[in-house]
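Heads up: the structure comes next, in structure tokens.
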Amino acid sequence: MDMSVIFDAGVVGLRIIMPLLAIVIVYQCYAAMRRRRRPEKPLVSLYNPNSGGMIPVVFWENSIGRSKSSDIVINDLSVSRNHCVLLRRNAGWFISDVGSLSGTFVNGVRIHGRAQVLIDDIITVGKTEYQLKRGDDFNSPLRASRFFSKVSDKPAIQAWKLMFMITMFHLFMAVEAMFWNDGGNVYAPMILFGALAVVEWGFFSVSYFALRRVNFELESLGLFLTGIGVLLLVRQVERSAYVQLIAAALGIVLYCVIIKFIEDPDRSDKIRIPMMIIAVLMLASSIVLGRVTNGAANWVYIGSISFQPSEFVKTIFIFTGAGALDRLQTKRNLIEFIIFSVVCVGLLALMSDFGTALIFFVTFLLVAFMRSGDIKTIILPVGAVAGAFALLRFVADRFNFIADRFNYVFNRFKAYRHVWDYANEAAGYQQVRVLTYIASGGLFGVGLGNGYFKQYFASESDLVFALLAEEMGVIVAIVAALSVALLMIYARAITTRSRSTFYSISACCAAGLLVVQLSLNVFGATDILPLTGVTFPFISSGGSSLISCWGLLAFIKAADERTYSIKR
């Protein structure tokens with residue numbers, strides 16, 4: 001048989017195997033995240049000596065009050081809607097009054113700030129008394145639907161096997177890239193793959209052997225997506241691929257630093273104000289020093305190095321928006337965050353970076369909703385932003401200097417859902433090419449490096465979904481998008497087990513931010529939403545974006561109770 005026929009058959013077989021392997025990898029990552037959980041039992045319990053009833057305490061932080069949204073609801077008119085917070089730290093259990101009218105007492109003494117509570121101590125809330133008891137004293141079965149998300153008791157895939165599958169997927173990508181149609185250094189993809197494998201397995205070794213973590217699924221998912229983004233660049237600009245790999249290594253370092261720093265959730269409150277100031281200064285630097293690129297002044301250049309300060313501010317925004325429950329229920333904390341959010345979104349608007357401004361705004365809504373638990377909380381800011389945009393459009397129609405500044409934004413809205421009418425104009429040129437080359441890639445793609453979309457502007461960054469779909473197939477592109485989108489469901493599922501409201505809010509909001517960013521990238525490129533020019537998390541080219549994504553992933557990891565409590 002002719003060797004060329006065998007070779008062609010092997011290449012076709014590889015393109016079919018890779019989508020199937022991608023599906024298995026993502027499935028195994030999320031399946032393993034639901035396993036190896038602690039038994040479902042209360043941490044402590046509250047005994048009411050008057051009624052004889054006992055309330056299980058299953059969270060590390062528990063709001064106590066008359067409000068139906070409280071974790072422990074007390075039907076006592078002398079109790080405030082949000083009365084106090086019972087929380088656990090490494091030093092033991094504490095209770096903190098959050099501005100109640102009648103006060104909170106421990107053994108008859110009114111507390112101010114946090115006060116430690118020991119087993120058998122009497123807690124007085126309004127006119128109701130509770131005695132702190134051990135969790136084992138609660139003998140009734142827990143309602144799993146209320147206290148715990150459903151988990152599987154099946155054994156999780158071993159971490160090294162998951163990593164092996166990811167390595168094989170990246171190896172197949174490198175093999176595909178070796179046989180691209182335009183010639184060049186045939187060994188470059190394998191050299192890059194070797195460097196990528198060193199970073200991936202080095203990270204795994206540190207986590208598994210040095211830190212003795214029992215779970216590596218979330219990191220595996222991040223490495224899977226990061227490796228795809230790195231190898232996509234090998235037949236674009238080879239130097240950019242290595243820059244992306246270096247950024248990945250820096251992002252992993254940031255990931256580890258954040259996880260270690262927030263091991264004590266109370267640390268966040270101590271540096272909230274300094275971090276807010278740093279974030280504002282970073283955004284202000286873009287206005288003063290930033291270079292206008294594609295209509296937005298969001299890039300800062302220092303010599304040959306360029307970066308986007310707004311990407312790093314995403315991590316700070318999540319960090320400052322979350323907090324321990326007893327801190328979140330103070331008005332001062334809320335007002336500080338609202339002012340900080342308004343300043344951040346305002347500075348991004350001044351830069352004309354409306355895509356990132358929208359991401360920050362939606363993240364603010366997520367934080368506000370999770371802090372209050374009331375949907376009415378987000379109605380006012382949504383109405384305010386809608387009114388501001390309408391006013392901006394009205395003013396722009398009458399003042400040319402404003403219209404010129406925001407013209408590219410309005411053009412995108414003009415072409416929205418009508419890109420084929422602007423196929424050869426700036427308003428719709430990119431999206432028409434995106435749709436064309438996604439279709440040309442089919443289910444299994446044309447092979448890494450063999451696509452034609454790479455010749456278009458921003459194909460490796462804002463429009464990378466089309467590049468991925470053309471060269472690796474629609475199946476791989478959709479699997480990559482779903483792997484990010486499912487982070488929101490996973491983050492929501494682990495919040496009931498998180499050690500602090502800080503972890504719960506930061507995890508859900510970090511996942512929400514990534515999903516919003518993903519939606520704007522994919523749906524904007526395909527004309528389902530207006531094109532905003534934001535990156536595909538982990539895959540788009542851009543060191544600042546990749547480092548930021550790993551920083552956000554750290555908040556999701558920290559919310560998993562196994563991260564700090566279980567070692568091999």
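Using a 4.5 Å heavy-atom cutoff, the side chains of Lys314 and Phe360 are in contact. Considering only heavy atoms from C-beta on, Tyr30 comes within 4.5 Å of Leu487 through its side chain. Between Leu223 and Met163 the shortest side-chain heavy-atom distance falls below 4.5 Å. Between Phe312 and Phe307, some side-chain heavy-atom pair lies under the 4.5 Å cut-off. You'll find the side chain of Cys344 reaches within 4.5 Å of the side chain of Leu283, heavy atoms only. Side-chain contact between Met276 and Ile316: absent, with no pair of heavy atoms (C-beta onward) separated by less than 4.5 Å. Put simply, the side chain of Val280 reaches to within 4.5 Å of the side chain of Phe340, judged on heavy atoms. Side-chain contact check for Phe319 versus Ile271: some heavy-atom pair is nearer than 4.5 Å.
When only modelled atom types and interatomic distance are considered, Ser545 and Thr535 share a side-chain donor-acceptor pair under 3.5 Å. At a cut-off of 3.5 Å, with distance as the only test, no side-chain donor of Gln28 or Lys161 sits close to an acceptor on the other residue.
Between Phe204 and Trp201, the ring planes are perpendicular. Angles over 60° get that label, and only those under 30° would be called parallel. Ring pair Tyr456/Tyr437 is tilted by interplanar angle, where 30° to 60° counts as tilted. Ring orientation note: the planes of Tyr255 and Trp550 are nearly perpendicular, at an angle over 60° on the 30°/60° scale.
Expressed to the nearest 0.5 Å, how far CD1 of Ile528 lies from CG of Leu520 amounts to 12.0 Å. Atoms CD and CG, on Glu471 and Asn450 in that order, are 7.0 Å from each other to the nearest 0.5 Å. With rounding to the nearest 0.5 Å, the separation of CG in Leu468 from CG in Leu463 is 12.5 Å. Between Glu61 atom CD and Thr501 atom OG1 the span is 4.0 Å, to the nearest 0.5 Å. In this structure, Thr226 OG1 and Glu219 CD are separated by 11.5 Å, a value rounded to the nearest 0.5 Å.
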Discussion item. Using the rule given for side-chain contact (heavy atoms from CB on, under 4.5 Å), can you reason through Met472 versus Met173, listing the C-alpha separation, both sets of side-chain angles and the distance that settles it, and then say yes or no?
Written reply: CA-CA 9 Å; Met472 301 192 66; Met173 288 185 67; 3.6 Å; yes
Worksheet item: Given Tyr490 and Ile556, is the side-chain contact (heavy atoms from CB on, under 4.5 Å) satisfied, shown in steps?
Response: CA-CA 9 Å; Tyr490 169 66; Ile556 305 175; 3.8 Å; yes
Worksheet item: side-chain contact (heavy atoms from CB on, under 4.5 Å) between Ile438 and Phe465: does it pass, once the steps are laid out?
Response: CA-CA 8 Å; Ile438 286 177; Phe465 182 75; 3.9 Å; yes
Fill in: Test side-chain contact (heavy atoms from CB on, under 4.5 Å) applied to Ile338 and Phe364, step by step
CA-CA 8 Å; Ile338 291 175; Phe364 165 76; 4.2 Å; yes
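Heavy-atom contacts from other residues, nucleotides or ligands closer than 6.0 Å to CZ of Phe164 number 12 or fewer.
Screening Leu513, Ile262, Ile505 for a side chain to side chain contact (heavy atoms under 4.5 Å, CB included) involving Phe555 leaves a single residue, Ile262.
Although no hydrogens or angles enter the test, the distance criterion places no donor-acceptor pair under 3.5 Å between the side chain of Arg492 and the main chain of Cys508. Using modelled atom types, no side-chain atom of Glu470 and backbone atom of Gly441 make a donor-acceptor pair closer than 3.5 Å. Side chain of Gln244 to main chain of Gly542: a donor-acceptor pair is present (N/O by atom type, distance under 3.5 Å, no hydrogens or angles). In terms of modelled atom types and a separation under 3.5 Å, the side chain of Lys454 and the main chain of Ser459 share no donor-acceptor contact. Under the 3.5 Å distance criterion, the side-chain polar atoms of Asp462 are left unmatched by any main-chain donor or acceptor of Ala458. With Ser220 contributing its side chain and Phe216 its backbone, the two residues share a donor-acceptor pair below 3.5 Å. In this structure a side-chain-to-backbone donor-acceptor pair under 3.5 Å is present from Gln431 to Gly524. Between the side chain of Ser544 and the backbone N or O of Gln308, at least one donor-acceptor pair lies under 3.5 Å.
Considering all non-hydrogen atoms of both residues, Lys557 and Leu218 come closest at N-CD2, 3.5 Å. The minimum heavy-atom distance linking Asn521 with Ser461 is given by the pair ND2-O, 3.9 Å. When all heavy atoms of Arg89 and Ser500 are compared, the pair lying nearest together is NH2-OG, 4.0 Å. The nearest pair of heavy atoms linking Glu217 to Cys29 is CB-O, 3.5 Å. Scanning all heavy atoms of the two residues, the minimum distance from Leu448 to Glu176 falls at N-OE1, 3.0 Å. Nearest heavy-atom pair, Ser286 versus Pro309, reported as atom, atom and distance to 0.1 Å: OG-CG, 3.2 Å.
Within the 6.0 Å centre-distance limit, the rings of Phe224 and Phe169 are counted as a close aromatic pair.
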